[in-house]
Amino acid sequence: MSAKKEQHDQEQYDPEIDAIFFKTKQSFQNCASAAVEQSLAIAPTTNNKKQLYEDYEDFSSIKGSFSWKLIAKIWIPVVTRAIDGKSYMFVSTRMAENLLLKKYLSYFNTDIYSCTSIRSHFMTNSEAILLNEINQNQCDFFFGNELFYGEEDHIVHLEDIQEFYTFLEICYKTLIRNINIGRKKKCGFIRINSESIVPFCKQDNLTFIPLFYFGGNIEDLKHRAEKIQKWSLPYLKFCCKIQGIKDHYFASDSCLMASLDEIKNYYSIDTHFKEFWPSRINNTRFLNNNNSTNVNPSGSWFRKPPGVVCVIPHTLAPLATVIRLSMPVMENTNQNKRLANKMSSAMSQGSGLKNRIIHVVTSPPFDYSGNTASVMGLV
C-alpha cells in the first residue's frame, strides 16, 4: 500500500504547476505583509484611539452629543465643532431655513441677501448621521422628511443664524410694516444742515458714517476711521440700497467708516446733525413679485464653501450612541410683553456751514412722489 501511494503522489506532481503555485503564494504573502504594515501605520492602537478621535473637529458629533438653542421661540438642534482649541456652535442651513427663516425669506429677493455675507461649511458624515438620528428618532421628522448627507448639506455658525434672523425681521418691519423701533438701534440717516443726507450704522453704541460719502481734505479723518464689518455692515448696506447708492461703493465685506463724533470735528460749530428716516421708501426693488414664477432657490442666502470638499474620515469606528434629549417645550410668551426701546430725537434745525474742511459728495435725494421711481446713485 505504501509503494502504491508513493507512486500515485509522484504521478500527481507537476513541476510547472508547483512553480506557479509557489510564485502566487509568495506574491500573496508579500501583499498581505504590506497591507498589515499599512494598517498598523493608519489604524489607532487602543492607547491612542481616543486621542485620535478627539483631534477631529466634529468629535462631539462622533460621540453623539448635541444641544438645543431657542431662536425666536423655535428650538433648533445645534452641533459643536472644536476649531483651534475653541468650541463653536453650528446649525443646519436647511433646518434654519425651513423652520425659522422662511417666513421672511418668502418676502424678499436676493437684493436683501446681498447685504449679508454668511459663510457656510460642508456637513461632515458624523454630523449628518447625528442630525438624521435627531430628526427621525427623536422628533418624528419635525425638521422635514429629507435625509441629511455629509459633504453635501451645509451648516453655518449659530451666531450668524441669530443675527440674520434679526436682520430679516428689521427689514420686514421697516419695508412692509413701517415699524422702525428695532431699526433705530441699528441704522438710519443723518441730515447735515438740510443740505446732505448720509447713512449710518451703529456699533458699540456709536454712530458710524462711511468715508466714501465725503470729499475734500479727509486724509486725517482716514487715520481716525475704523473698518466696520461683520453684522454692523449689513445695516449700512441696507440703508445705501434704500438711498439708491450704487453697489460698488459698499460691495466688500468691510467698510472704512468714521464715528459721527469725529466727523463733527471737521465741521463748523453751528453745523446741525439730525437723525432722519424717509417717510416713503421705494421698496419694490427688495420684494418678490407675487405674480412671478421665479422663486428664490433654497440656500440663496448664504455663501457656499469652495468646490473642493475637505473630507474628515470617520471609518475607524461607528458613531456613538446619540445622547437622547427630549424636544424642548415651546415657550408660550405673550408678544405684547416684549420690551420696545423707543427712540426719539428733538434736534435743532440746521443752519449754513461755515469754514467746513470736508464736504459730502452729492448724495441722491429720496423719492417722495411714489414707490416706483428709481433713485440715482453716486457716480
Side-chain angles (χ1 to χ4, degrees), residues 101 104-118 160 163-192 196-203 207-214 227-258 260 275-290 292 294 296-297 300-303 360-379:
L101 304 175
Y104 293 133
L105 292 177
S106 60
Y107 286 99
F108 300 116
N109 56 36
T110 54
D111 209 27
I112 283 291
Y113 310 156
S114 66
C115 294
T116 64
S117 179
I118 302 175
D160 286 335
E163 293 285 357
F164 186 50
Y165 179 87
T166 300
F167 175 74
L168 289 178
E169 185 177 45
I170 289 177
C171 291
Y172 170 80
K173 290 182 177 180
T174 301
L175 296 174
I176 299 176
R177 302 291 300 278
N178 197 27
I179 299 175
N180 290 308
I181 295 176
R183 191 269 310 160
K184 288 184 178 181
K185 300 178 183 178
K186 299 290 187 179
C187 60
F189 295 93
I190 298 292
R191 189 195 297 273
I192 304 177
S196 304
I197 297 174
V198 295
F200 71 84
C201 67
K202 297 276 191 177
Q203 180 168 290
T207 299
F208 286 90
I209 299 175
L211 290 189
F212 63 75
Y213 268 82
F214 297 94
K227 184 178 290 186
I228 302 300
Q229 51 193 357
K230 295 185 177 179
W231 281 102
S232 294
L233 188 59
Y235 295 96
L236 172 72
K237 293 184 176 183
F238 176 55
C239 289
C240 287
K241 287 178 178 289
I242 287 177
Q243 194 175 14
I245 305 303
K246 293 184 177 179
D247 290 350
H248 68 266
Y249 283 96
F250 51 88
S252 66
D253 292 337
S254 64
C255 183
L256 197 61
M257 305 179 70
L260 179 59
E275 188 172 331
F276 165 81
W277 188 258
S279 58
R280 291 192 299 272
I281 298 175
N282 178 16
N283 60 6
T284 55
R285 62 173 296 186
F286 305 112
L287 305 180
N288 282 326
N289 187 347
N290 294 331
S292 175
N294 296 327
N296 295 331
S300 59
W301 50 274
F302 61 86
R303 288 186 180 181
V360 177
V361 178
T362 303
S363 56
F366 290 96
D367 170 43
Y368 294 108
S369 59
N371 293 329
T372 57
S374 300
V375 182
M376 295 297 291
L378 287 175
V379 294

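All values reported here derive from a predicted model rather than from experimental measurement.
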Which pair of non-hydrogen atoms, one from [X] and one from [Y], has the smallest distance, and what is that distance?
X: Ala251; Y: Lys237; result: O-NZ, 3.9 Å
X: Ser117; Y: Asp253; result: OG-OD1, 3.4 Å
X: Tyr113; Y: Ser300; result: CE1-OG, 3.5 Å
X: Glu275; Y: Ile190; result: CA-CD1, 4.0 Å
X: Phe200; Y: Cys239; result: O-SG, 4.3 Å

Would you be so kind as to tabulate the donor-acceptor pairs closer than 3.5 Å made by side chains of residues 229-236, with sequence neighbours excluded?
{"from": "Trp231", "atom 1": "NE1", "to": "Asp160", "atom 2": "OD1", "distance (Å)": "3.0"}
{"from": "Ser232", "atom 1": "OG", "to": "Lys202", "atom 2": "O", "distance (Å)": "3.3"}
{"from": "Ser232", "atom 1": "OG", "to": "Gln203", "atom 2": "OE1", "distance (Å)": "3.0"}

Hey, mind stepping through Leu168 and Leu101 against side-chain contact (heavy atoms from CB on, under 4.5 Å) and telling me if it holds?
CA-CA 8 Å; Leu168 289 178; Leu101 304 175; 4.2 Å; yes

Given side chains that start at C-beta, do those of [X] and [Y] come closer than 4.5 Å, heavy atoms only?
X: Phe250; Y: Cys255; result: no
X: Ile197; Y: Gln243; result: yes
X: Leu260; Y: Ile209; result: yes
X: Pro210; Y: Leu256; result: no

Between [X] and [Y] (side chain of the first, backbone of the second, donor and acceptor by atom type, cut-off under 3.5 Å), is there such a pair?
X: Ser252; Y: Ser254; answer: yes
X: Asn283; Y: Leu175; answer: yes
X: Asn282; Y: Ile242; answer: no

Hey, could you give me the [atom1]/[atom2] distance between [X] and [Y], rounded to the nearest 0.5 Å?
X: Asn178; Y: Ile176; atom1: CG; atom2: CD1; answer: 11.5 Å
X: Tyr249; Y: Phe212; atom1: OH; atom2: CZ; answer: 8.5 Å
X: Trp277; Y: Lys184; atom1: CH2; atom2: NZ; answer: 11.0 Å
X: Lys185; Y: Ile170; atom1: NZ; atom2: CD1; answer: 8.5 Å
X: Cys115; Y: Phe167; atom1: SG; atom2: CZ; answer: 4.5 Å
X: Cys171; Y: Phe286; atom1: SG; atom2: CZ; answer: 8.0 Å

Which residues satisfy the ring-ring contact (aromatic ring centres under 6.0 Å, His included) test with [X], sequence neighbours excluded?
X: Tyr165; value: Tyr104
X: Phe164; value: Trp301
X: Phe108; value: none

Residues forming a side-chain hydrogen bond (donor to acceptor under 3.5 Å, both in side chains) with Ser114, sequence neighbours excluded:
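With neighbours one apart ignored, the set is Lys241.
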
Partners meeting side-chain hydrogen bond (donor to acceptor under 3.5 Å, both in side chains) with Arg285 (sequence neighbours left out):
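If we apply the side-chain hydrogen bond (donor to acceptor under 3.5 Å, both in side chains) test to Arg285, skipping adjacent residues, the hits are Asp111.
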
Ser196 side chain to Arg191 side chain, donor-acceptor N/O pair below 3.5 angstrom
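On atom types as modelled, these side chains do not qualify, holding no pair under 3.5 Å.
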
Take atom OH in Tyr172; do more than 12 heavy atoms of anything else shown fall under 6.0 Å from it?
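Atom OH in Tyr172 is packed in, count exceeds 12.
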
